[in-house]
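Inspection log for the structure reproduced underneath, given as structure tokens.
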Amino acid sequence: MASTAFDSVGRFLSDRFIAYLAYYLNFKLSYQVSEEAIRVKGVFRDIVYAKKDLAFIELDKVNINLFKKGSGLMFFSGLMHGQFFERRLGRVGMHGSSRTPQALILHLKTGNPVIITPDKLEDFISYLIAWDYPFKA
């Protein structure tokens with residue numbers, strides 16, 4: 001049976017619906033910092049970065065390149081979740097927005113950097129400093 005234009009449009013719309021459903025259910029990220037860990041919160045699971053596993057944290061500009069070695073998800077809103085390539089850092093974990101001018105880079109002791117983009121960046125940094133995280137100003 002030959003595929004019609006209607007079938008193609010239907011597949012396109014269903015793919016977009018699934019992507020947006022995933023975005024609103026699982027990839028609507030929020031962050032939580034406590035004395036023990038930084039938590040990237042999702043609906044289905046959280047990603048936890050323990051304070052003891054962090055070499056240091058820095059505030060910097062990032063330049064994510066989606067076309068080199070990217071294996072994460074990016075949505076039209078600019079939200080990125082997964083592994084991407086950053087010009088200066090190389091392969092990075094990304095949990096945040098690509099449209100944010102500055103981001104926090106969590107340098108793990110394993111050597112893998114992770115980028116997060118909290119909405120209230122100044123407040124988040126003040127919690128990091130108050131709880132004695134290895135923040136590099």
Would Ile57 and Trp131 show up in the same hydrophobic cluster when neighbours are defined by side-chain heavy atoms closer than 4.5 Å? yes
Could you work out, with side-chain hydrogen bond (donor to acceptor under 3.5 Å, both in side chains) as the rule, every residue matching Tyr49, not counting sequence neighbours? His95
Shortest non-hydrogen pair, Ala55 vs Pro134, comes out as O-CB, 3.5 Å
Side-chain donor-acceptor distances from residues 115-129 under 3.5 Å, at least two apart:
from, atom 1, to, atom 2, distance (Å)
Thr117, OG1, Ser97, N, 2.8
Ser126, OG, Asp123, O, 2.6

For Tyr133 and Ala37, indicate whether the former's side chain and the latter's backbone hold a donor-acceptor pair under 3.5 Å. yes
Are any side-chain N or O atoms of Lys136 and backbone N or O atoms of Leu59, one a donor and one an acceptor, separated by less than 3.5 Å? no
Distance-only check: which donor-acceptor pairs under 3.5 Å involve side-chain atoms of residues 102-110, not counting sequence neighbours?
from, atom 1, to, atom 2, distance (Å)
His107, NE2, Glu58, OE2, 2.6
Lys109, NZ, Lys52, O, 2.8
Thr110, OG1, Asn112, ND2, 3.4

Do Lys51 and Ile38 have side chains that approach each other closer than 4.5 Å (heavy atoms only, starting at C-beta)? no
Are Gln83 and Met94 side-chain neighbours, meaning at least one heavy-atom pair lies under 4.5 Å? no
Evaluate the criterion side chain to side chain contact (heavy atoms under 4.5 Å, CB included) for residue pair Lys41 and Tyr31; output intermediate values, then yes/no. CA-CA 6 Å; Lys41 299 187 68 63; Tyr31 310 94; over 6 Å; no
Excluding sequence neighbours, so at least two apart, what forms side chain to side chain contact (heavy atoms under 4.5 Å, CB included) with Glu36? Ser34
